[in-house]
Amino acid sequence: MRDILTSFLLIAGVLWVLIAAIGIIRLPDVLCRSHAVAKAFTLGLFLMLLGYWAYLGEGVSGLKVALAIFFQLITIPVASHLIGLLAFRKNLRRWKRRPMDDHRITKEPQSSKNV
Amino acid sequence: MKSLLLNLTLACIWLFLSSTPSLSSFFLGFLLGFILLVLFRPVFDSASYVRRCFGLVTFLVVFTREFVLANFMVARVVLFRSNESVHPNFITYDITGLKSFEILLLSYCISLTPGTTTVDISEDFNTLVFHALDADSPQDVRAHIDQTLRPAILKFTR
Amino acid sequence: MIVLTLQFCFAVLTISVLFGLYRMAKGPTVLDRILSFDIITSCIVGMIVLLSIRWRTSVFLELILIFSLLGFFGTVSFVYYLHRTQDVLPTNDEDDKEEE
């Protein structure tokens, strides 16, 4: 029973990781790729660590697995956000470039965002 | 805040009382203490704490649903759509009046929910810039965040 | 049963690492390479998980924690460094001038 649960979670997680990796290859620019990393990779590793937790069962190490899941959930979106931030600040070349959709009336030019 | 401390104290007392202390018995104690706080709301002055706890639960439910939806959307874009049909763009979003913790939570949720990744914040902390994977109608993206994420977060933090 | 699952998962993770390596070799900008570095680190975390299930042990949990944090700090330090250097990436600025 436990083996079946673990296998199911592991396979699901690994398939999401594969989707993220395909996204890394296929999507056209850095920002889109960071989408794939932030979402699919987080879910994939989350499911894999959950499968590990289901395999270990309850115990002292359960807390450490919870900590690992927590770190993964925190760090992967932040890393992808940092990459997006750099691409935005440096005004990186992007796919199908259109002007930023700004709801503010006073529109500032993008190139003034350089730091 | 006082109610949270009281709840944790009750959980610890339950942990001491149980014969085999473990994580699950701690959670059981926490749950029992929470039921106690719900039942004795006027005595412990914990009405707002209980409301915020239920807000947290609704937030987690909404967030999980959005997160899974986001993953399926990304999978669809990655596997079945050509690059020509994807229109990524930057979108700004108004966050006037939110506290810094709410901004942090909102930007984290935006990073993990459908089609958006937080990119930047303006210097006066009034505007969030995020990147949308499929930004054909920016109004729709904004309205979606307005309807799902923002009320859930506000229910939990206020 | 579970051994078969683990072999399948290892195969898929290896393919993912290869994809990441492809992007690292080809990636037009530095940011692509940082992203693929991030992915490879996370894949290795997944492999450690698979190995510790295979060997029925929980001693690698610290390794998982350390590895995920190392990957994160690697990304942060790269981005911090790139913030301070100017004009290493291809930008939109030339296109902007043309449009004006």
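The sequence lines fix the lettering, A, B, ..., with proteins before strands; numbering per chain opens at 1.
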For the residue pair W16(A) and N71(B), what are the closest heavy atoms and their distance? CZ3-O, 3.3 Å
For the candidates V77(B), V74(B), T118(B), which exhibits the highest count of non-hydrogen atom pairs separated by less than 4.5 Å from chain A? T118(B)
Please tell me if the side chains of T117(B) and K39(A) come closer than 4.5 Å, counting only heavy atoms from C-beta onward. yes
For H35(A) and H131(B), indicate whether the former's side chain and the latter's backbone hold a donor-acceptor pair under 3.5 Å. yes
Top contributor to chain B interface from P28(A), A38(A), C32(A), G84(A) [non-hydrogen pairs under 4.5 Å]: P28(A)
Examine whether an atom of I25(A) lies under 4.5 Å from a heavy atom of chain B, and if so say whether it belongs to the side chain, the backbone or both; otherwise answer neither. neither
Flag the one option from I19(A), L82(A), L31(A) with the top tally of heavy-atom pairs under 4.5 Å to chain B. L31(A)
Toward chain A, the part of F67(B) with a non-hydrogen atom under 4.5 Å: side chain
Heavy-atom closest pair, residues L73(A) and Y108(B): O-OH, 2.8 Å
Options A40(A), A20(A), A36(A), ranked by heavy-atom pairs under 4.5 Å with chain B, top entry: A40(A)
